[in-house]
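One structure below.
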2 protein chains.
Amino acid sequence: MTTGTHRSDALEAQWSRALHSLGRRVTRQRLAVLAAVEHSPHSTADDAAAAVRAELPHITVQSVYVVLADLTDAGLLRRIETPHSPARYETRVGDNHHHAVCTGCGRIEDVDCAVGHAPCLTPSWAPGSGRMTIQIAEVMYQGLCDDCRDIPAQSTDHSTDSPQKEHHER
Amino acid sequence: MTTGTHRSDALEAQWSRALHSLGRRVTRQRLAVLAAVEHSPHSTADDAAAAVRAELPHITVQSVYVVLADLTDAGLLRRIETPHSPARYETRVGDNHHHAVCTGCGRIEDVDCAVGHAPCLTPSWAPGSGRMTIQIAEVMYQGLCDDCRDIPAQSTDHSTDSPQKEHHER
DNA sequence: AGCCTTATTATGATTTATTCAAAATAAGTG
DNA sequence: CACTTATTTTGAATAAATCATAATAAGGCT
């Protein structure tokens, strides 16, 4: 085990090169965090920390926060803010894709840009609004996934509640 | 001052009716919160609490949280989650409009739906994703407003920082 | 008008998500 | 191998939001 290579070695090399060319140091924790997020996209900081601990048992959530923020800043990760949930991260950067979250179970799916590519960067402004130079457009779809539609009301207890109210998960 | 009416009385009556028909009680704090959010849209819970205190000096943020959550649940308010900022609320519900936030100053503008109306509810799915029944599509644009483009770097202090990094406001 | 039921609000504490400052560590350079 | 400095660790602090319980008041009823 001198070389200590498991996991996708190709990706690791790729990330190392990327970090290097960005003038950033290549560290175990950065590679581990990248691998964790690559392996399970849309991870929260906690998720990532748990995954990383398999390799670096002593890492703390705070360190993971620092690494995540830095990698996001460097452009190697993308941060997603889903409603009623901590921030999530993914390695798929650069392409203009969006997300759909199921209001039933909270699962998140990737969605290709609805309009094509650039068009969603040219919004039609509401009357009276000042114009902006749009740089990114994040679309967040919300709905019910097929699985959750099969189980109409597996809820715990709402007596007179209408079936289609708020769902919090997690 | 027996009638105690100031502020937009018409709106207040409208909200009262809405609450009533939803089987919910009409309370001072609900009306005050609605008025506060109506007056300055995209308010945070803190903003709303501050505004409401002009009328109900003893109200606490926690109560405002409860009221906001309940009104959102009732469909009288809409909750917006902007990146790097607490949740915000607005009274404009029902229409399918989106938001643009300036990465410079954090100001938020309303944006009419880019695609028209319904189309943004029919996303093109990424390969391998399970389908979902989309209910709402929130689009979050990010960019620089004209004001912030005029002042390229009025920042406090970033020495070697590139001008286009993270901005936190509030 | 006044009482009563129950939704709503207040209170105080608690949890969760995230950030910060300072000390310890380790990448990469010469 | 030594040295500089980015990065990580550590421990504490803050911000945002939620929860359980007690107090209050809305609106139906008589």
Side-chain angles (χ1 to χ4, degrees), chain A residues 15-34 43-50 52-53 55-74 76 79-89 158-161 166-170, chain B residues 15-17 19-34 43-50 52-53 55-74 76 79-89 159-161 166-170:
Chain A
W15 288 322
S16 299
R17 257 176 283 122
L19 284 169
H20 211 234
S21 69
L22 285 166
R24 281 173 152 93
R25 293 183 179 171
V26 180
T27 67
R28 278 147 154 254
Q29 22 276 52
R30 276 175 182 167
L31 292 177
V33 166
L34 281 167
S43 301
T44 64
D46 259 331
D47 297 340
V52 168
R53 277 202 201 92
E55 191 180 341
L56 305 168
H58 281 165
I59 205 167
T60 61
V61 216
Q62 289 94 320
S63 298
V64 175
Y65 269 105
V66 174
V67 173
L68 285 171
D70 193 67
L71 291 176
T72 303
D73 204 73
L76 294 183
R79 178 190 169 111
I80 320 161
E81 312 221 7
T82 56
H84 300 288
S85 142
R88 294 166 182 280
Y89 297 84
H158 2 142
S159 27
T160 53
D161 262 320
E166 276 279 30
H167 289 257
H168 297 226
E169 84 289 347
R170 155 175 198 36
Chain B
W15 288 323
S16 298
R17 257 177 282 124
L19 284 169
H20 211 235
S21 69
L22 285 165
R24 282 175 151 92
R25 293 186 179 169
V26 181
T27 67
R28 279 146 154 255
Q29 22 277 65
R30 275 175 182 166
L31 292 177
V33 167
L34 282 167
S43 301
T44 65
D46 260 332
D47 296 340
V52 168
R53 276 201 201 93
E55 190 179 343
L56 305 169
H58 281 166
I59 205 167
T60 61
V61 216
Q62 289 94 320
S63 298
V64 174
Y65 268 107
V66 174
V67 173
L68 285 171
D70 192 67
L71 291 176
T72 303
D73 204 71
L76 295 184
R79 178 191 169 110
I80 320 160
E81 312 221 8
T82 56
H84 299 289
S85 143
R88 294 166 182 280
Y89 297 84
S159 25
T160 52
D161 263 319
E166 278 280 31
H167 290 258
H168 296 227
E169 85 290 347
R170 157 184 195 34

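Fair warning: this is a prediction, and the values are worked out from it, not measured in the lab. Protein chains get the first letters and strands the later ones, always in sequence-line order, with residue 1 at the start of each. Side chains are part of it too, since the values below use all heavy atoms of this structure and drop only hydrogens, waters and symmetry mates.
- Regarding contacts with the backbone of C:dA17, every side-chain N or O of A:Q62 stays at 4.0 angstrom or more from both OP1 and OP2.
- Pairs of residues two or more places apart, or lying in two chains, that qualify as salt bridge (Lys or Arg N to Asp or Glu O under 4.0 Å) and include a residue from residues 57-72 of chain A are A:R24-A:D70, A:R30-A:D70.
- Whole-Å rounding puts the A:R30 CZ to C:dG28 P distance at 9 Å.
- Under 4.0 angstrom from either OP1 or OP2 of C:dT19 there lies no side-chain N or O belonging to A:Y65.
- Nearest approach of B:S85 to B:R88, heavy atoms of both residues: OG-NE, 3.0 Å.
- In terms of heavy-atom proximity, A:V64 sits nearest to A:A45 at CG1-O, 3.8 Å.
- For A:P86 against A:T44, the heavy-atom pair with the smallest separation is CG-CG2, 3.8 Å.
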Polar-atom pairs under 3.5 Å, protein N or O versus N or O of nucleotides 27-30 of chain D: list them with distances, or write none.
residue: D:dG27; atom: OP1; partner: B:V26; partner atom: N; Å: 2.7

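- Minimum interatomic distance between A:A48 and A:S43 (heavy atoms only, all atoms of both residues): N-CB, 4.3 Å.
- Along DNA chain D, the nucleotide closest to A:R28 and the one closest to B:A87 are compared, and the more 5′ of them pairs with A:R28.
- Shown here are the salt bridge (Lys or Arg N to Asp or Glu O under 4.0 Å) partners of B:R79, two or more places apart in sequence or in another chain: B:E81.
- Rounding to whole angstrom units, CZ of residue B:R88 and C1' of D:dA15 are separated by 14 Å.
- For B:V61, the side-chain contact (heavy atoms from CB on, under 4.5 Å) criterion is met by B:D46, B:A49, B:R53, B:Y65, not counting sequence neighbours.
- Evaluation of the side-chain contact (heavy atoms from CB on, under 4.5 Å) rule for A:S63 yields A:I59, A:T60 as partners, not counting sequence neighbours.
- Nearer to the 5' terminus of DNA chain C, by closest-nucleotide assignment, is the contact made by B:H58 (compared with the other of A:V66 and B:H58).
- Rounded to whole angstrom, the span from the CG atom of B:L22 across to the C1' atom of C:dA7 amounts to 14 Å.
- Between the C1' atom of C:dG28 and the CG atom of A:L19 lies a distance of 13 Å, rounded to the nearest Å.
- Rounded to an integer number of Å, the gap from CG of B:D70 to P of C:dA7 is 12 Å.
- Atom CD1 in A:I59 sits about 14 Å away from atom C1' in C:dA26, given to the nearest Å.
- Between the CD atom of B:E81 and the C1' atom of D:dA15 there is a distance of 15 Å, given to the nearest Å.
- B:L22 and B:A74 get closest at one heavy-atom pair: CD1-O, 3.6 Å.
- When the C1' atoms of four end pairs are superposed on the next four at each end of the helix from C:dA1-D:dT30 to C:dG30-D:dC1, using five pairs per end, the two resulting axes differ in direction by 30°, to 10°.
- Residue B:V67 is in sugar-phosphate contact alone, with no base atom involved, counting any heavy-atom pair closer than 4.0 Å across all strands shown.
- One can place CG of B:L31 at 10 Å from P of C:dT9, the figure rounded to the nearest angstrom.
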